[in-house]
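All ligand and atom numbering here is 1-based and tracks the order in the structure. Here the structure is a predicted model, which is why all the values come from computation and not from measurement. Heads up: numbering here begins at 1 and tracks the sequence.
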Amino acid sequence: MRSDPSGLRLIDRVDSFAERTALLAPEGVFTYDDLIRASANAATGLLAGRDDLAGARVCYLVPPGWEYTAVQWGVWRAGGFGVPLATSHPEAELAWVLDDAEPEAVIAHPSLAGRLRGLTAERKIPLLLTPVLLRDGPVAHFPTLPESREALMLYTSGTTGRPKGVVLTHANLRAQVEALSEAWGWSQDEHILLHLPLHHVHGIVNVLTSALWHGATCEILPRFRAVDVWERLARCEITLYMAVPTVYRRLIDAWDAADPDTRDAWSEGARACRLMVSGSAALPVPTLERWEKITGHRLLERYGMTEIGMGLSNPLDGERRPGFVGAPLPGVEARLVDEDEMVVEAGRPGSIQIRGPAVFREYWRRPEETDAAFTVGGWFRTGDQAVIEDGSWRILGRSSVDILKTGGEKISALEIEDTLRSHPAVADCAVVGVPDVDWGDRVCAAVVLRPGEVVSGEALRSFAKSRLAPYKVPKDVLLLEDLPRNAMGKVTKPAIRELFSPENHE
Ligand code: MCA
Ligand code: AMP
């Protein structure tokens with residue numbers, strides 16, 4: 001099926017590989033032709049007789065798979081600005097995004113629509129169900145779009161308040177995909193496995209969109225289960241695999257728990273893979289070493305951020321140094337600066353700043369935060385520290401103690417504190433990330449109750465769970481008489497972190 005040119009390279013490229021398999025999804029097997037047809041149906045439904053959605057936001061809550069992909073492409077082909085909603089989020093988080101993004105429509109898979117019915121009705125936003133939207137019918141003509149058109153709004157946690165929308169244009173996505181294509185040697189023959197959530201750059205850009213850009217095959221699992229991943233690897237078909245360090249750790253645990261024959265089959269399958277990549281959080285060197293022993297693969301670690309896509313990467317060919325993230329990707333300018341924003345001398349630590357066509361346009365409707373995030377020369381201030389040693393970059397961590405990374409999810413300690421403080425029995429609290437072999441940062445909360453109040457840590461966790469994404473819910477809650485403070489009366493987070501260290505729990 002040929003389609004009118006959309007102006008978007010990602011979609012227009014399809015004509016040259018229309019018959020190839022695009023997706024092995026939970027719903028079935030689909031070619032690029034199928035994707036063009038289904039996304040045309042979605043785009044026609046969204047346009048409802050108009051010529052162009054002209055950047056109107058469209059939110060979608062669809063499980064990872066065929067329908068998700070068809071909807072995302074449908075939004076783009078209609079000229080819409082896609083806002084993927086997280087399938088793990090409770091209503092309160094979804095409500096925040098709806099109020100911030102102000103979409104003209106929300107699309108839902110029937111299995112998830114229940115979470116959105118009340119929210120969309122209250123806000124008078126049409127709720128469209130995927131079986132109706134994707135139904136075959138006569139299709140409209142679609143607009144020819146400039147690549148400066150907004151493509152994706154991805155929500156990310158900052159040091160202040162609730163998550164903010166990162167605006168990525170089609171040109172940004174294209175620059176991100178092209179950089180990875182060149183650096184990681186993507187081709188049409190790739191078969192990549194996908195189980196990452198599809199509301200982040202990692203899953204959407206590095207895996208799904210990169211595969212579709214190349215005419216490759218993306219195999220989507222409905223969720224991450226270590227045994228399922230190993231079994232897929234064991235079939236020796238997967239050529240590319242990308243995940244976060246927590247996932248590699250879980251895969252190692254599953255391998256350790258398997259019997260010797262199974263282990264051999266799993267290791268052999270993994271060895272057949274061309275490339276395995278880790279990112280979104282620091283890869284512990286013991287995980288890298290163990291993985292190499294089990295599979296023969298030295299993981300390629302790279303560094304990225306929602307606002308920039310991928311910035312730094314170890315080489316495809318050449319030395320991948322454990323604990324290092326390599327060098328700037330093609331098209332990425334990167335530098336390290338001191339507190340005065342002067343470029344630091346070689347070998348000295350500094351703050352990472354990034355510039356280039358992959359860098360986001362703005363934080364949605366937050367001009368002041370956008371201005372604060374960029375220097376006069378257009379460099380984006382990542383908030384991460386690094387040092388360059390023998391030409392390779394080593395990430396030293398974030399400048400703020402209040403930004404945590406748990407299982408590859410970035411979260412704000414302050415947002416969780418605000419939520420806990422909204423509990424009537426809570427007088428004060430502090431949330432910290434405690435170093436943890438599984439999660440990277442383990443989210444822990446120290447809580448002081450109001451005089452006379454009695455509430456258990458578990459009850460506070462349930463309270464948080466009803467309001468926050470599951471990965472933001474503190475794993476441990478410690479009830480204290482008072483929070484540790486310094487001489488100025490300021491809460492000392494390192495002292496709070498100490499309270500959760502294993503020695504203090506014996
Ligand atoms: C689930 N839980 C978590 C997390 N995920 N807790 C802390 N951190 C998490 N990340 C909770 C569950 O709600 C549950 O809570 C308990 O932990 C165990 O759940 P389980 O089913 O075992 O977890 P899971 O569903 O298997 O998820 C773990 C996961 C997942 C597979 C590691 O979190 C994941 O896919 N993370 C990747 C996220 C990602 O793609 N990040 C990229 C963003 P309870 O027992 O209380 O119910 S960064 C990015 O995009 C930039 C650009 C980059 O550089 O890549
Ligand atoms: P996010 O905002 O969710 O896109 O997360 C981006 C953040 O994840 C970065 O600012 C880093 O703090 C962290 N990050 C990503 N990749 C790595 C890595 N390879 N090593 C250490 N931190 C990383």
I need the minimum non-hydrogen distance between [X] and [Y], along with the two atoms involved.
{"X": "W186", "Y": "S210", "answer": "CZ2-CB, 3.4 Å"}
{"X": "V277", "Y": "R302", "answer": "CG1-CG, 3.8 Å"}
{"X": "E150", "Y": "G55", "answer": "OE1-CA, 4.1 Å"}
{"X": "P63", "Y": "S111", "answer": "CG-OG, 4.4 Å"}
{"X": "T370", "Y": "R361", "answer": "CG2-O, 4.1 Å"}

Exercise for the section: Give the C-alpha distance, both sets of side-chain angles, the deciding distance and a yes or no for side-chain contact (heavy atoms from CB on, under 4.5 Å) between Y68 and T130. Expected result: CA-CA 9 Å; Y68 174 97; T130 49; over 6 Å; no
Among all protein heavy atoms in this structure, tell me which lies nearest to [atom], with the distance rounded to 0.1 Å.
{"atom": "atom 12 (C) of ligand 1", "answer": "P470 CB, 4.4 Å"}
{"atom": "atom 49 (C) of ligand 1", "answer": "S280 OG, 4.0 Å"}
{"atom": "atom 9 (C) of ligand 1", "answer": "W439 CZ3, 3.2 Å"}
{"atom": "atom 31 (C) of ligand 1", "answer": "F224 CD2, 3.7 Å"}
{"atom": "atom 39 (C) of ligand 1", "answer": "H200 CD2, 3.8 Å"}
{"atom": "atom 41 (N) of ligand 1", "answer": "G408 O, 2.9 Å"}
{"atom": "atom 14 (C) of ligand 1", "answer": "K475 NZ, 4.7 Å"}
{"atom": "atom 30 (C) of ligand 1", "answer": "G407 O, 4.4 Å"}

Ignoring hydrogens and angles, tell me if any N or O in the side chain of [X] forms a donor-acceptor pair with the backbone of [Y] under 3.5 Å.
{"X": "R115", "Y": "T87", "result": "yes"}
{"X": "W393", "Y": "V387", "result": "no"}
{"X": "R421", "Y": "C429", "result": "yes"}
{"X": "N172", "Y": "P357", "result": "yes"}
{"X": "K164", "Y": "R366", "result": "no"}

[X]: numbered ligand 1 atoms lying under 4.0 Å from its heavy atoms:
{"X": "H202", "answer": "42 (C), 50 (O), 55 (O)"}
{"X": "G304", "answer": "54 (O)"}
{"X": "R223", "answer": "21 (O), 25 (O), 26 (O)"}
{"X": "T306", "answer": "52 (C)"}
{"X": "R461", "answer": "46 (O)"}
{"X": "E409", "answer": "10 (N), 38 (C)"}

What about the rings of [X] and [Y], do their centers lie closer together than 6.0 Å?
{"X": "H297", "Y": "W291", "answer": "no"}
{"X": "Y155", "Y": "H200", "answer": "no"}
{"X": "F360", "Y": "F374", "answer": "yes"}

Practice task
For residues Y60 and L112, determine if any side-chain heavy atom of one lies less than 4.5 Å from a side-chain heavy atom of the other.
Solution key: no
For [X] and ligand 1, does the shortest N/O to N/O distance drop below 3.5 Å?
{"X": "H195", "value": "no"}
{"X": "T246", "value": "no"}
{"X": "G309", "value": "no"}
{"X": "K465", "value": "yes"}

Problem - Check ion pair D402-K493 (N to O, under 4.0 angstrom) - result: yes
Mind checking whether [X] has a heavy atom under 4.0 Å from ligand 1?
{"X": "K472", "result": "no"}
{"X": "R225", "result": "no"}
{"X": "K410", "result": "no"}
{"X": "P197", "result": "yes"}

Would [atom] count as contacted, meaning some protein heavy atom under 4.0 Å?
{"atom": "atom 17 (O) of ligand 1", "value": "yes"}
{"atom": "atom 43 (C) of ligand 1", "value": "yes"}
{"atom": "atom 28 (C) of ligand 1", "value": "yes"}

Run down the list [options] and name the one with the heavy atom closest to [atom].
{"atom": "atom 48 (S) of ligand 1", "options": "R442, M310, K405", "value": "K405"}
{"atom": "atom 54 (O) of ligand 1", "options": "M305, R250, R302, H199", "value": "R302"}
{"atom": "atom 10 (N) of ligand 1", "options": "L154, I308, T406", "value": "T406"}

Handout entry: Sub-4.0 Å heavy-atom environment of ligand 2, residues by chain
Key = T156, S280, A281, A282, E301, R302, Y303, G304, M305, T306, V325, D384, I395, R398, K405, K410
Practice task
State whether a side-chain donor-acceptor pair under 3.5 Å links Q385 with S399.
Solution key: yes
Exercise for the section: Determine whether the side chains of H191 and T217 contain a donor N or O and an acceptor N or O closer than 3.5 Å. Expected result: no
Handout entry: More than 12 heavy atoms of other groups within 6.0 Å of R348 CZ
Key = no
Exercise for the section: Return the orientation label for the H199 and H89 ring planes: parallel under 30°, perpendicular over 60°, tilted otherwise. Expected result: perpendicular
